[in-house]
Structures are given as structure tokens and as C-alpha cells.
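Please read the structure below before turning to the comments.
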Amino acid sequence: MREKFQHFMTGRYGADDLSRVYIIATLVIFVISLISGWGILYWIGLALMIYAYWRMLSRNVSKRYEENQKYLNARYQVAVKWNGMKKRWAQRGTYRFYKCPQCRQMVRVPRGKGKICITCPKCRTEFIKKS
Ligand SMILES: [Zn+2]
């Protein structure tokens, strides 16, 4: 049985981070559909589950790998953004944060210095803000 399964899975993609997300989303949708009694959610969950298994059994490994890399990249971007927000929140008492109007770079300035001219460390654009 085990051998048969291994033979079946050779050349197929298998599970990855993205398929784990789909499975968890499926379970969440099923639970919500049970609680709320919305039949439509059951079918959405079922479709998502079928898609998740189709991905795992797919033979187009490079395409599936690419999808997973895209997901991991997006997850990384969110983590970076979240960490930045956490940091800014922790320093909100002593610093103010501004985005450079030219290049969108985040600039940190000390609070309580009145009107100051900020020079962007990245593109050297100068802009005036209240600190
Ligand atoms: Zn700039």
C-alpha cells in the first residue's frame, strides 16, 4: 500500500506551504459553513479542497514550485511590513515617521523639534514637516 502510494506520487508535486494554506482555509470555511448554515460556503470549501489536492497531485512541478515561491515571497513582504509597523508603534513616543514624497522611503525624525527640513537619506529630496 505504502509502495503503491509512493509510486503514485513519483513525478507529482506533493505538499508545500501554499497547499497547507489551502487545506487550513478549507477547514476554516467548512467550520464557518457548519456554524452559519450557509450552504454556498460548503461548495466553496469543497472546490478549494479539490484545487488543493489537484495542486499536490500535479505533474507540472516547476509551475507549482513557482506558485509556492510567489506565496512565500508575499508572506515575507507582509512579515517585513508588519515588523516595521511594530517597530514604529514601539517608538511612536519619541519619533515621528514620514514617507519621502519622492521615493516613498520611510524617514524617522525625533519628536518635538518644531518645523524641520527633512532630507531623505535615500534620494536626498528635502521636505518640510512638523516633528
Ligand atoms: Zn526619498
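Ligands are counted one by one from 1 in listed order, and the atoms in each one are counted from 1 as well. In this chain, numbering begins with 1 at the start of the sequence shown.
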Original post:
Is the closest side-chain heavy-atom distance between Tyr13 and Asn60 below 4.5 Å?
Top reply: no
Subject >> Of the protein N/O/S atoms, how many lie under 2.8 Å from the Zn ion (ligand 1) >> reply: 4
**OP:** Keeping to residues at least two apart or across chains, list the salt bridge (Lys or Arg N to Asp or Glu O under 4.0 Å) pairs with something in residues 78-89.
**Re:** none
Subject >> Arg92 to Tyr95 six-membered ring, cation-pi geometry met (6.0 Å, 45°) >> reply: no
Original post:
For Tyr42, which residues count as a ring-ring contact (aromatic ring centres under 6.0 Å, His included) partner, sequence neighbours excluded?
Top reply: Phe30
Subject >> Residues Arg64, Ser58; criterion side chain to side chain donor-acceptor pair (under 3.5 Å); working and verdict >> reply: CA-CA 8 Å; Arg64 300 290 88 76; Ser58 169; 2.8 Å; yes
Subject >> Set of salt bridge (charged side-chain N to carboxylate O under 4.0 Å, His left out) partners for Arg55, sequence neighbours left out >> reply: Asp16, Glu67
